[in-house]
Amino acid sequence: MPLALLALAVGAFGIGTTEFVMMGLLPDVADDLHISIPAAGHLVSAYALGVVIGAPLLAAVTARMSRRTVLIGLMALFVLGSVLSAFAPDYHWLLAARFLSGLPHGAFFGVGAVVATTMVAPERKARSVSLMFLGLTVANIAGVPVATLMGQHLGWRATFLGVGAIGLAAIASLALLIPHDHSPAPATGLRGELAALRSLPVWLALGTTVAGFGALFSAYSYITPMLTDAAGYADSNVTLLLALFGVGATAGNLLGGRLADHALRATLFGGLISLAAVLALFPLLMSTQWSAALAVVLLGAAAFVTGSPLQLMVMEKASAAPSLASSANQAAFNLANAGGAWIGGLALAAGLGATSPALAGAALAVLGLGVAGAATAVDRRRTHSAGRERVVASYVPQGMGSEEHPGQIVR
């Protein structure tokens with residue numbers, strides 16, 4: 001694997017840290033800016049909104065630019081958002097800065113995935129994507145806990161300055177390690193990229209992402225009350241348990257990338273089935289502390305096994321617009337974040353118990369299996385139809401071909 005993938009992983013580490021660290025800093029930000037916890041929670045939503053809007057928009061408007069230049073520019077925008085967050089004078093400025101920080105998120109992962117696959121042999125594409133995503137999963141193990149501790153001891157503004165420093169390191173890595181000749185400007189342009197997204201298989205792949213990762217976030221958004229109310233853990237133990245989720249996610253991400261290079265669809269289906277099974281067992285697993293810790297690891301592993309296959313499938317279905325489609329998949333991921341949390345909250349509000357969001361997530365995983373199955377059926381139908389057309393086109397009755405081959409059309 002080329003060393004240039006390390007540069008992409010460093011950028012992913014910084015982005016993953018800033019995305020999830022706000023959850024742990026909400027009380028500190030609320031106290032410092034004299035706002036309520038729910039109002040501080042809007043800072044999380046502002047970042048997610050920036051991702052959803054920025055992912056397809058920035059990928060589209062930079063369609064004719066060198067992908068290496070785009071990656072560096074996106075990371076520079078990320079650094080700007082982090083610095084503005086650190087120096088925001090009030091809540092509204094911080095809200096705008098968080099939105100700005102979210103804008104480059106999806107496009108960076110989208111364009112980065114395309115660049116990663118161009119630097120390796122075809123049989124290693126999924127593995128290259130998983131190595132880029134490694135920065136995101138490792139952020140949950142090390143980046144978020146360290147950044148949270150920094151915010152609690154040095155102030156939340158210091159956390160965002162630290163994240164900005166990671167962004168600067170990523171820019172230096174990208175400039176040094178990403179080769180110019182691996183990132184040519186796409187020939188399709190904006191119109192060609194948008195046209196490629198009209199394909200039904202692309203939308204089915206995006207739908208699988210929304211349902212599959214919606215299943216994850218339906219449970220993960222409420223993992224803390226599950227661990228404290230159902231499993232009986234103290235609040236002080238939750239940070240360590242969330243690091244275990246990162247361990248599982250890292251293992252699942254690497255395993256998914258390796259398996260997908262051999263059998264992409266089988267890996268995707270296997271991951272979704274595993275995710276549905278783990279979530280369905282959550283009420284049982286949360287009955288004791290040791291099994292609850294195991295459940296957190298299994299949840300991360302089962303969910304992130306599907307990450308690389310989904311990213312690669314979307315890129316393959318929109319081969320004429322890989323950057324835009326790959327970025328749109330990141331927007332779908334964040335829609336899954338918001339939608340899954342909402343559905344899990346409905347289960348809690350209905351009084352179905354602390355572990356009910358996990359059961360709602362299991363239902364979403366089954367829905368994801370259905371969408372993936374529909375995508376497979378559409379692919380088979382199109383392949384069968386294309387095969388029949390080639391057979392019909394290869395033969396015509398006597399006298400309708402060429403003089404040399406009277407019964408065939410010479411192509």
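- Counting only distance, with no hydrogens or angles, the side chain of T69 and the backbone of M65 share no donor-acceptor pair below 3.5 Å.
- For the residue pair N253/S130, the side-chain donor-acceptor check at 3.5 Å is not satisfied.
- At a cut-off of 3.5 Å, with distance as the only test, a side-chain donor of T18 or R98 sits close to an acceptor on the other residue.
- When ring centroids are compared, F109 and F333 stay outside the 6.0 Å threshold.
- In this structure, the side chain of S291 engages the main chain of T288 through a donor-acceptor pair within 3.5 Å.
- Salt bridge absent: D261 and R124 never bring a charged side-chain N and a carboxylate O closer than 4.0 Å.
- In this structure, T376 OG1 and M313 CE are separated by 7.5 Å, a value rounded to the nearest 0.5 Å.
- The two atoms that bring T208 and A372 nearest to each other are OG1-N, 3.6 Å, heavy atoms only.
- Nearest heavy-atom pair, A59 versus A107, reported as atom, atom and distance to 0.1 Å: N-CB, 4.3 Å.
- Residues H105 and Y47 place their aromatic rings such that the two centres sit under 6.0 Å apart.
- No donor-acceptor pair closer than 3.5 Å links the side chain of S173 to the backbone N or O of A7.
- You'll find the ring centres of F78 and F108 outside the 6.0 Å limit.
- Between the R67 side chain and the G112 main chain, no donor and acceptor come within less than 3.5 Å of each other.
- Between the side chain of Y222 and the main chain of G345, a donor-acceptor pair closer than 3.5 Å is present.
- Across all non-hydrogen atoms, the minimal contact from L71 to L174 is O-CD1, 3.9 Å.
- At least one donor-acceptor pair closer than 3.5 Å links the side chain of R157 to the backbone N or O of A88.
- Using a distance-only test at 3.5 Å, with no hydrogens or angles considered, a donor-acceptor pair links the side chain of S218 to the main chain of P357.
- Remark: side-chain polar atoms of Y233 are paired, donor with acceptor, to backbone N or O of Q289 under 3.5 angstrom.
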